[in-house]
Structures are given as C-alpha cells and as structure tokens.
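All figures in this text were calculated on a predicted structure; none of them were measured in a lab. In this chain, residues are counted from 1 in sequence order.
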Amino acid sequence: LLGRHIVRALVDTDTCQVTAVSRRAVWPATTCLTWVNADLRQAAAVQAMASLKANVIVHAAAVLPRTLDDAAAAEANHAMDDHMLWLARQSGASFIYMSSLSVYEDCDTPWDESLAVHPMAAYAASKHRSEQAIQALGLPAVTLRISSPYSASDINRPGVLYHFAREAVASHPLVVTGKGERAQDFVHGAD
C-alpha cells in the first residue's frame, strides 16, 4: 500500500540505488532499482538480505488488521518489525518506520510526539512496542504515525473509504451508521 509509492518516489529522484522487497509480484528492474522477493515474517528471508548492506531501511511492510484487535495481524507485524530491526542493527542502517496513528487510542487531543501513549488494542500495541524497540536501537531512526492510508490502486481492500468508493461508483447511496460524529483522516499513499 505505501511501499509502492515510496519506491516510485525514491526511484524518481534518480540519486540512489533502491532495493525493494516484496512478497508479491515485482516491477521490472532498472539501473537504480532491484527487487528482492521475500516474506519479512520469515527470519531466514530477512537474514539473507544482510549482504545488501543497506544505508537506510524504510520499513513500510505490514499485515493490515481486519479490526484493531486482530491478534494474528499484530503477531505478524511484530515478527516483521523484529526481523527488520535485526537487519538494521546488522547493517548499521538508518531506520524509517511506518507506524500507525492508532497508538493514540484513548488519548485526549491534541496529540503530539511527547504524549505518553498506552494502546490497548492488539494492532496498536504491536506498533507501539516496535516504536519503543526502535528508540532503543541506537541508530538514526524516525517513526511516522500514519492515519488510514489509501491508494486508488487498492480499491478492493476492506475499509470504509474503499466501501464508499465502490458504492459511489455503483451509484448506490452512501450510508453512514452511528450518529455521524466520528471524524477520520485519510492519507493517500503518495503523500
């Protein structure tokens, strides 16, 4: 969801060598882009990438949860994050981590980076645990807390924005349940 936009942006700079990792189909390689097909949930797959000697690791891979209490997604993300932190330590790479705004659950607004968070839901707690591990990494690192990313190429994903888009294209009414008081920020993958 985010990775393809990050790869495009880096390749478009034409100033760095990019190695992109995907567990699915890959794009054609170019002079500044190579591909590695790997499942980051598997330690051996990540260990095999240690020879790449990355200077910067942008970790945007995630198993998207069906709900915030999706324990299976949280466990898969926990494994990927731990494996990628291992790779950063091995290579001494700077680390950029795509976290989630969900870590602020149950926090009063306004939110900022100094706010003490105590997420309870499985997905948010796994993201927060990884943020804490990154802080302990001892390497240059940054965490970005993303709010509800989307991309037009992913119209079949579950979620309210995609549901509204499919309903609108089919000329169906857009039905909002509840009292209509909930607010949600969406961030396009290219942003």
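Both Ile96 and Val11 belong to a common hydrophobic cluster when Ile, Leu, Val, Met, Phe, Trp and Tyr are linked at side-chain heavy-atom distances under 4.5 angstrom.
Every residue two or more places apart in sequence or in another chain that forms a ring-ring contact (aromatic ring centres under 6.0 Å, His included) with Trp111 is listed here: Tyr104. Under the side-chain hydrogen bond (donor to acceptor under 3.5 Å, both in side chains) criterion, Ser94 pairs with no residue at all, not counting sequence neighbours. Looking at residues two or more places apart in sequence or on another chain, you find a side-chain hydrogen bond (donor to acceptor under 3.5 Å, both in side chains) between Glu131 and Ser99, Arg145. Not a single side-chain hydrogen bond (donor to acceptor under 3.5 Å, both in side chains) links Ser147 to another residue, sequence neighbours left out.
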- request: Could you go through the side chain to side chain contact (heavy atoms under 4.5 Å, CB included) check for Leu85 and Leu137 one step at a time?
  value: CA-CA 8 Å; Leu85 286 171; Leu137 188 60; 3.9 Å; yes
message: Between Met49 and Ile57, does the side chain to side chain contact (heavy atoms under 4.5 Å, CB included) criterion hold? Intermediate values first, please.
response: CA-CA 12 Å; Met49 291 188 286; Ile57 295 173; over 6 Å; no
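For Asp191, the CG atom sits in a packed shell: over 12 heavy atoms of surrounding residues, nucleotides or ligands are nearer than 6.0 Å.
Gly3 and Ala60 make their closest contact through N-CB, 4.3 Å (heavy atoms, listed as atom of the first residue, atom of the second, distance).
One distance of note links CG of Leu52 with CD of Gln17; it measures 10.5 Å at 0.5 Å rounding. Atoms OG and NZ, on Ser51 and Lys53 in that order, are 7.5 Å from each other to the nearest 0.5 Å.
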Could you tabulate the donor-acceptor pairs under 3.5 Å formed by side-chain atoms of residues 68-82, not counting sequence neighbours?
{"unit_1": "Asp70", "atom_1": "OD1", "unit_2": "Ala72", "atom_2": "N", "d": "3.2"}
{"unit_1": "Asp70", "atom_1": "OD1", "unit_2": "Ala73", "atom_2": "N", "d": "3.1"}
{"unit_1": "Asp70", "atom_1": "OD2", "unit_2": "Arg66", "atom_2": "N", "d": "3.0"}
{"unit_1": "Asn77", "atom_1": "OD1", "unit_2": "Val63", "atom_2": "N", "d": "2.7"}
{"unit_1": "Asn77", "atom_1": "ND2", "unit_2": "Val63", "atom_2": "O", "d": "2.9"}
{"unit_1": "Asn77", "atom_1": "ND2", "unit_2": "Ala73", "atom_2": "O", "d": "3.0"}
{"unit_1": "His78", "atom_1": "ND1", "unit_2": "Arg129", "atom_2": "NE", "d": "2.6"}
{"unit_1": "His78", "atom_1": "ND1", "unit_2": "Arg129", "atom_2": "NH2", "d": "2.9"}
{"unit_1": "His78", "atom_1": "NE2", "unit_2": "Asp82", "atom_2": "OD2", "d": "3.2"}
{"unit_1": "Asp81", "atom_1": "OD1", "unit_2": "His59", "atom_2": "NE2", "d": "2.7"}
{"unit_1": "Asp81", "atom_1": "OD2", "unit_2": "Tyr97", "atom_2": "OH", "d": "2.7"}
{"unit_1": "Asp81", "atom_1": "OD2", "unit_2": "Ser130", "atom_2": "OG", "d": "2.6"}
{"unit_1": "Asp82", "atom_1": "OD1", "unit_2": "Arg129", "atom_2": "NH1", "d": "3.3"}
{"unit_1": "Asp82", "atom_1": "OD1", "unit_2": "Arg129", "atom_2": "NH2", "d": "2.9"}

Check residues 112-123 and write down every donor-acceptor pair under 3.5 Å in which the side-chain atom is one partner and the other belongs to a residue at least two apart or another chain.
{"unit_1": "Asp112", "atom_1": "OD1", "unit_2": "Ser114", "atom_2": "N", "d": "2.8"}
{"unit_1": "Asp112", "atom_1": "OD1", "unit_2": "Ser114", "atom_2": "OG", "d": "2.6"}
{"unit_1": "Asp112", "atom_1": "OD1", "unit_2": "Leu115", "atom_2": "N", "d": "3.3"}

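Leu139 has its side chain out of reach of Phe95: every pair of non-hydrogen atoms, C-beta onward, lies at least 4.5 Å apart. For the pair Ile146/Met98, a side-chain contact is recorded, criterion being any heavy-atom separation below 4.5 Å from C-beta on. Considering only heavy atoms from C-beta on, Gln47 stays 4.5 Å or farther from His83 through its side chain. The closest side-chain heavy-atom distance from Leu33 to Trp35 is below 4.5 Å.
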